[in-house]
Amino acid sequence: MFKVATRFAPSPTGALHIGGVRTALFNWLYSKNNKGTFHLRIEDTDKQRSKDEHKIQIIKSLKWIGIEHDGEEYIQSTKINDHISIANELLKSGNAYKCYCSNEEIEDQKKRARQKKLPYIYNRKWRDLSEKDAPTDVKPVIRFKSKIEGSTILKDLVQGDVEIDNNTIEDFIILRNDGTPTYNLSATVDDHQMNMTHIIRGDDHKINTFKQMQIYLAMKWELPQFAHIPLIHTIKGKKLSKRDNASTLDDYSKIGIMPDALRNYLLRLGWSYEDKEIFTLEESIKHFNLEGIGKSPSKLDMSRILSMNEYYIKNIDENELYNHLVQYCEIYKDKIKTEKEEKIKKSLSFLKNKAKTLEDIFNNAKYIILDEVNFGDDDLKLIDENAKKIIAEFKNEIISLNTFNKEGLEPIVNGLIKKYDTNFKGVGQPIRVALTGSKFGPGLYDIVISLGKKEIEKRLSSKIIT
RNA sequence: GGUCCCUUCGUCUAUCGGUUAGGACAGCUGGUUUUCAUCCUGCAAAGGGGGGUUCGAUUCCCCCAGGGACCGCCA
C-alpha cells in the first residue's frame, strides 16, 4: 500500500474562509491518521486575481489553526509548461482537439440554450472537423475529447458510487486560446505529479472530478481516490462564499476565539465519532476517518463556536490561556505590561469563569490591565453622597487591614452593611464601581484581592469618587 | 431547465431492522450565589410525505416534495 498523500489546493484570489479551512483540516487529518503527508498547492494560474497577500494569509491561517503542510508549497504557476505539454500529448494521442469556434459563436450557442431552457453544452463542432477548414482569424482553444457513449462511475469515499452519463460531460477546454492551461488540466497534472493518493474536496467539485477522471484515463495514469465532502452552508442554507461576513479565520480570532476551539468546532461540523464532542489535536488525528463524514450539508452555528471556545477557556492550562490572552491583547486590544503578568495569572481562575472569548477575559481584566479607571456614565450615577461615604470608610478600613483575603474583608463589608442598613449590593456596588468603573465584573472580593492594598488605596482616593 | 447530491429535535449529530430514538449547543425551569456569570437539577424539542419489502422500519427499495451544488477560455 502506498503512503497516503493529500493536498489542499486553494487559489489565492481571496481570503481563505472557514469552509476552506475545514477542507484543509479534513485532508490534513486524513493524511496524519494514515501516517501520510499533507501538501499545500497554491493554484495561482489566474494571474489577474491571484495576490501574494492572499497566499500569505492562507498559510498563516492554516498555521494558526494548527495545520502545517509537508514540504514546500507547490506553486501551480511554475508548472504551466508541464500542463501545456500534457495538453499537446493529449492532442497527439487523439484525446483532444483544436476548436476554432469564435467567442461570438459560443456566446450565441449559450444564448440560444438559455432561450430554449436547455442546459448549455458545447456542441462539439470541431471534434470531427478537419483543421484544413479552420478559419485563419480565430486562435483555437484545445478541448478534451470527452466520452459520448456510456457512463462513468465515481467511487466516492463519502458519497458512495455516483454514476452519470458521459454525454453530460462536455468537451471542456484544457488550453485557452492564449495557450495557457485551464483548471481541470492543471489540477489533474499536478495531482498526478505530486503523487496524490486521495483527493478530498468540496462537493462543488464533483463535476470536475468526472472531467479529471477522463484525463487520468487518457493519460493511463493511476486514478487517486476521491472524497467529496458536503459543503458548509450559511444560516440561510446557501453555500458559504467569500462574500459572507465573518467567514475568515481573522474574523474569529478578532473576537477572541482560540484556534483549538475553532479546530474542534470545524472537526465536528460534518464529522462525528460516536458521542464525542471534545477532541484534542492528538485525538482528532487518532480518530479521524472518512466514514464519519456525514452526507448532508451543515450550517455554521456561532453559538456553538462560542460555547466550544468557552469550554477551551475553562479547561486548558492557565499558563497556556494566559499566553493566548497576551497575544490576543497585543494584536487587538491594549498590550499587557509585563508587570501585570502575576496579577492577571493569579486572577485567571475567576476571570475566565465569566468568559466565552478572550475578548470577554480582556473586558473582565480591564481593571487590572489598564492603569486608569474608565467610568461608564450610568455607573457613575451610582456614586451618590451616601456611596462616597461608604467608599471612604471602606478605604480607611482597608488601610489598617493586615490579612488581605476574603476572611479579612468580609467583616469590613458586613460592618458597613449593618451601619448603613443596606444589603451587600448597597455596599458592594459603589466599591466595585469605584475600583473598576463598572458595576459588572468579577466578585468584589476577587477584585479587591487581585488589585492589592496599594492600588486600592490609590483608586479609592480618586477625586471623582471622593 | 438539465445533471448530481442531500433530508433525525431550532443547530451539530448518534442509531449500521427490534431503543421510552441517545448526546451536545441554543431555549426554558428550579437550586447555589455577591452584581453579571459559573456550577448543579430538571423540562421541552426530531425521523418531509406516500408506497412497498419485512413478524417488525428512522434504518433497505421506489415515487413525490423540499433543500442544495454544478452548468466559465475562474479555480
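Just so we're clear, the structure is a prediction, and the values are computed from it rather than from any experiment. The sequence lines fix the lettering, A, B, ..., with proteins before strands; numbering per chain opens at 1.
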Next item on the list: Go through the steps to decide whether Arg263(A) and Ser284(A) satisfy the test side chain to side chain contact (heavy atoms under 4.5 Å, CB included), and finish with yes or no.
Entry: CA-CA 10 Å; Arg263(A) 190 217 81 234; Ser284(A) 64; 4.1 Å; yes
Next item on the list: Could you tell me whether Lys55(A) and Asp44(A) have a side-chain N and a carboxylate O separated by less than 4.0 Å?
Entry: no
Notebook entry, point to check: Counting only Watson-Crick or G-U wobble pairs whose two distances fall under 3.5 Å, which nucleotide matches C16(B)?
Noted result: none
Checklist line | Rounded distance in Å - CZ (Arg49(A)) to P (C73(B)) | finding: 14 Å
Next item on the list: Just do the side chain to side chain contact (heavy atoms under 4.5 Å, CB included) check on Asn103(A) and Val138(A) with the steps written out, would you?
Entry: CA-CA 9 Å; Asn103(A) 270 326; Val138(A) 175; over 6 Å; no
Notebook entry, point to check: Taking CG from Asn184(A) and P from C70(B), how many angstroms apart are they, rounded to a whole number?
Noted result: 14 Å
Item checked: Nearest-angstrom distance from the residue atom CG of Asp301(A) to C1' of U11(B) -> 5 Å
Notebook entry, point to check: Over how many whole Å does the gap from Lys211(A) atom NZ to C70(B) atom C1' extend?
Noted result: 9 Å
Checklist line | Separation of the C1' atoms in G31(B) and G22(B), to the nearest angstrom | finding: 26 Å
Checklist line | Nucleotide A14(B), atom C1' - distance to NE2 of His287(A) in whole Å | finding: 16 Å
Note to self: Distance check needed: A24(B) P versus Phe279(A) CZ, whole Å only.
What the structure shows: 14 Å
Note to self: Under 4.0 Å, heavy atoms only, any strand: does Asp46(A) hit a base, just the sugar-phosphate, or nothing?
What the structure shows: sugar-phosphate
Notebook entry, point to check: Considering only C73(B), C25(B), A69(B), which nucleotide approaches the side chain of Thr182(A) most closely?
Noted result: C73(B)
Notebook entry, point to check: Rounding to the closest angstrom, what is the interatomic distance between G27(B) and U38(B) at atom P?
Noted result: 9 Å
Notebook entry, point to check: So what does Ile164(A) hit on the nucleic acid, given a heavy-atom distance under 4.0 Å: a base, only sugar-phosphate, or nothing?
Noted result: sugar-phosphate
Check: With sequence neighbours excluded, what pairs up with Phe375(A) under the ring-ring contact (aromatic ring centres under 6.0 Å, His included) test?
Finding: none
Notebook entry, point to check: Nearest-Å distance, CD1 (Ile235(A)) to C1' (A26(B))?
Noted result: 11 Å
Next item on the list: Consider the side chain of Tyr183(A), meaning its heavy atoms from C-beta on, and name the nucleotide among A24(B), A75(B), A26(B) that approaches it most closely.
Entry: A75(B)
Pick out the pairs of N or O atoms, protein on one side and nucleotides 36-43 of chain B on the other, that lie under 3.5 Å.
from, atom 1, to, atom 2, distance (Å)
C36(B), O2, Lys354(A), NZ, 3.2
C36(B), N3, Lys354(A), NZ, 2.5
U38(B), O4', Asn353(A), O, 3.3

Check: Relative to each other, are the rings of Phe288(A) and Phe26(A) parallel, tilted or perpendicular (30° and 60° limits)?
Finding: tilted
Next item on the list: Check every strand shown and say whether Asp165(A) touches a base, only sugar-phosphate, or nothing at a heavy-atom separation below 4.0 Å.
Entry: nothing
Notebook entry, point to check: Using the C1' atom in both, what is the distance from C55(B) to G47(B), to the nearest Å?
Noted result: 22 Å
Notebook entry, point to check: Hey, does Val141(A) reach any base, or is it just sugar-phosphate, or nothing, if we go heavy atoms under 4.0 Å?
Noted result: base
Notebook entry, point to check: Below 4.0 angstrom from OP1 or OP2 of A75(B), is there any side-chain N or O of Thr13(A)?
Noted result: no
Next item on the list: Among the candidates C5(B), C12(B), C6(B), find the nucleotide nearest to the side-chain atoms of Lys295(A).
Entry: C6(B)
Every protein N/O lying under 3.5 Å from an N/O of nucleotides 57-62 of chain B:
none

Name the pairs: protein N/O against N/O of nucleotides 65-68 of chain B, kept only if under 3.5 Å.
from, atom 1, to, atom 2, distance (Å)
G68(B), OP1, Lys238(A), NZ, 2.2
G68(B), O2', His233(A), NE2, 3.1

Notebook entry, point to check: Thr45(A) near the nucleic acid: base, sugar-phosphate alone, or nothing, with a heavy-atom cut-off under 4.0 Å?
Noted result: sugar-phosphate
Notebook entry, point to check: If we take the C1' atom in both C62(B) and U53(B), what is their distance in whole Å?
Noted result: 11 Å
Margin query: Could you tell me how far apart Tyr312(A) (OH) and C25(B) (C1') are, to the nearest whole angstrom?
Written below: 15 Å
Notebook entry, point to check: Taking only residues two or more places apart in sequence or in another chain, which ones pass side chain to side chain donor-acceptor pair (under 3.5 Å) with Asn289(A)?
Noted result: Trp271(A)
Next item on the list: Could you list the residues that satisfy ring-ring contact (aromatic ring centres under 6.0 Å, His included) with Tyr322(A), not counting sequence neighbours?
Entry: none
Next item on the list: Just call it for Asn103(A): base, sugar-phosphate, or nothing, with non-hydrogen atoms closer than 4.0 Å on any strand.
Entry: base
Next item on the list: Grab the two heavy atoms, one from Leu90(A) and one from Ala218(A), that are nearest each other, plus how far apart they are.
Entry: CD1-CB, 4.0 Å
Notebook entry, point to check: Between Glu277(A) and Arg268(A), is the closest basic N to carboxylate O distance under 4.0 Å?
Noted result: yes
Item checked: Which nucleotide in A26(B), A75(B), A69(B) has an atom nearest any side-chain atom of Glu43(A) -> A75(B)
